[in-house]
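The residues of the chain are indexed from 1 along the displayed sequence.
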Amino acid sequence: MMKPVPVILASDFRGIKGLAVAVKSAIGNRDCPLEFYIFEREIPDSEKQILEANWRENYPELSIHWLPVPPNKYSGLRKWRGGDMTYARLDIDKIPGLERCIYIDIDVVVNTGLKELFETDLEGTAIGAVEEGVGTMNAGVLLIDVVRWRQENFSEKILDNCYENGWPDQWGFNAVITQWKRISPAWNCANTEKPEKILHYKTPIKPWQTTEPKMWLFYEWLDQTPYKGWRPEPNQEYIKESFFSRLYWWLWRRYHKLFPNSKSKP
């Protein structure tokens, strides 16, 4: 019998609806045994119990590991779209016995089994990822050879790079890991009309922050979790953050068209 595929996620309480959907959709479409390692901050035990009961409804043997993250652990690092929990995945090297894993952001819907992704040949590299732009990985969905990761000391190198340059962790990934396996874009797809293997909401405003029609698949899955029927109230802070995020990226693209050899990386 196949050993469970380790799936890594990271969330604080603000992202709990995304966490609920990401895990529920992965379980609902599973084609192999799964186990989840969830880096978490300030998620109450009562909420964890409710989630676990929901996730185990049709999968009673499911293994779930909650990995607490101290409140100020990443306080010196740049927050990305209001949060810093994505840095927590850099602690995968500290999970005992972990040799290979899949990491997924919480703003995803998993539409297929993960066995094919997990068994992808990394051809000697530590990372498998979808290319986004020329030579740039999107770190929202990753296949990781944790043994190779530890050998290369990538966790420390990426953190050091982010501290030194003041940019988010995905930029650190691209600056430090120059050799990685390109995997099919279907594993990290932003097309909301025809979602492929993993739908990734690569938007400044996340699904649990809006009821825009293009988020329909997220809410189909949310209604299979303990948050059935929940919908967000309009939030002006999210709207403001979205505007400035889009403005920042527009300026970034314009700058790098004019200065293509700039040190900064996406």
**Q** If we only count heavy atoms from C-beta on, is the V130 to H200 side-chain gap below 4.5 Å?
**A** no
**Q** Donor-acceptor check, side chain of S155 to backbone of D91, threshold 3.5 angstrom: yes or no?
**A** no
**Q** Could you tell me whether a side-chain N or O of K73 sits under 3.5 Å from a main-chain N or O of A88, the two making a donor and an acceptor?
**A** no
**Q** Check K115 with D31, please: is the shortest side-chain N to carboxylate O separation under 4.0 Å?
**A** no
**Q** Is R56 close to I64 at the side-chain level, that is, under 4.5 Å between some pair of heavy atoms?
**A** yes
**Q** Check for a donor-acceptor pair, side chain of E40 on one end and backbone N or O of W66 on the other, with a separation under 3.5 Å.
**A** no
**Q** Do N165 and Y163 get their side chains close enough for a donor-acceptor pair, meaning under 3.5 Å?
**A** no
**Q** Okay, side chain of Y59, backbone of L34: is any donor-acceptor separation there less than 3.5 Å?
**A** yes
**Q** For the side chain of T120 and the backbone of E116, is there at least one donor-acceptor N/O pair under 3.5 Å apart?
**A** yes
**Q** Between E42 and F13, what is the shortest heavy-atom contact and its length?
**A** O-CB, 3.4 Å
**Q** When you compare the side chain of D107 with that of T203, does any pair of heavy atoms fall below 4.5 Å?
**A** no
**Q** So R89 and D105, side-chain contact (heavy atoms from CB on, under 4.5 Å) or not? Walk me through it.
**A** CA-CA 10 Å; R89 59 183 157 178; D105 278 348; 4.3 Å; yes
**Q** Tell me, do I104 and W187 make a side-chain contact under 4.5 Å, heavy atoms counted?
**A** no
**Q** For E61, I'd like to know if atom CD has over 12 heavy atoms of other residues, nucleotides or ligands within 6.0 Å.
**A** yes
**Q** Which heavy atom in I106 sits nearest to a heavy atom in G15, and how many Å separate them?
**A** CD1-O, 3.5 Å
**Q** What's the verdict on side-chain contact (heavy atoms from CB on, under 4.5 Å) for D12 and V69, showing C-alpha distance, side-chain angles and the deciding distance?
**A** CA-CA 9 Å; D12 56 17; V69 176; over 6 Å; no
**Q** Evaluate the side-chain contact (heavy atoms from CB on, under 4.5 Å) criterion for residues Y227 and I16: first the C-alpha distance (whole Å), next the side-chain angles of each, then the deciding distance (0.1 Å), finally the verdict.
**A** CA-CA 10 Å; Y227 309 107; I16 198 165; 3.4 Å; yes
**Q** Quick one, L143 and R100 - any side-chain contact, counting heavy atoms below 4.5 Å?
**A** yes
**Q** Could you give the distance from SG (C189) to NZ (K197), rounded to the nearest 0.5 Å?
**A** 11.5 Å
**Q** Please check: side-chain N/O of E131 versus main-chain N/O of G135, any donor-acceptor pairing under 3.5 Å?
**A** yes
**Q** Does Q170 offer a backbone N or O that forms a donor-acceptor pair with the side chain of N174 under 3.5 Å?
**A** yes
**Q** Quick check: do W221 and V23 have side-chain heavy atoms less than 4.5 Å from each other?
**A** no
**Q** Work out which heavy atom in R14 is nearest to a heavy atom in W208; give both atom names and the distance.
**A** O-NE1, 3.6 Å
**Q** Distance-only, no hydrogens or angles: does the N54 side chain make a donor-acceptor pair with backbone N or O of Q224 under 3.5 Å?
**A** yes
**Q** Salt-bridged, R41 to D84, with N to O below 4.0 Å?
**A** yes
**Q** So if you build clusters from Ile, Leu, Val, Met, Phe, Trp, Tyr with side-chain heavy-atom gaps below 4.5 Å, do L77 and M85 land together?
**A** yes
**Q** Quick one: are F154 and I127 in side-chain contact, heavy atoms under 4.5 Å?
**A** no
**Q** Taking everything shown except E99 itself, do over 12 heavy atoms lie less than 6.0 Å from its CD?
**A** no
**Q** Quick one: pull up CG in L90 and CD1 in I158 and give me the separation to the nearest 0.5 Å.
**A** 5.5 Å
**Q** Given Y87, which partner from the list Y74, W167, F39 fulfils the ring pair (Phe, Tyr, Trp, His ring centres under 6.0 Å) test?
**A** Y74
**Q** Does the T125 side chain pair with the main chain of W180, one donor and one acceptor, at a distance under 3.5 Å?
**A** no
**Q** Check this for me: K94, atom NZ, are more than 12 non-hydrogen atoms of other residues, nucleotides or ligands nearer than 6.0 Å?
**A** yes
**Q** What I want to find out is whether K24 reaches D223 closely enough, with some N-O distance under 4.0 Å, to be called a salt bridge.
**A** no
**Q** Are K48 and D45 within salt-bridge range, i.e. N to O under 4.0 Å?
**A** yes
**Q** Any idea which heavy atoms bring L122 and I144 closest together, and the distance?
**A** CD1-C, 4.4 Å
**Q** Quick one: does K206's side chain have a donor or acceptor within less than 3.5 Å of a partner on Y201's backbone?
**A** yes
**Q** Does the side chain of T225 reach to within under 4.5 Å of the side chain of W230, using non-hydrogen atoms?
**A** no
**Q** Could you go through the side-chain contact (heavy atoms from CB on, under 4.5 Å) check for V110 and R30 one step at a time?
**A** CA-CA 9 Å; V110 180; R30 70 186 184 279; over 6 Å; no
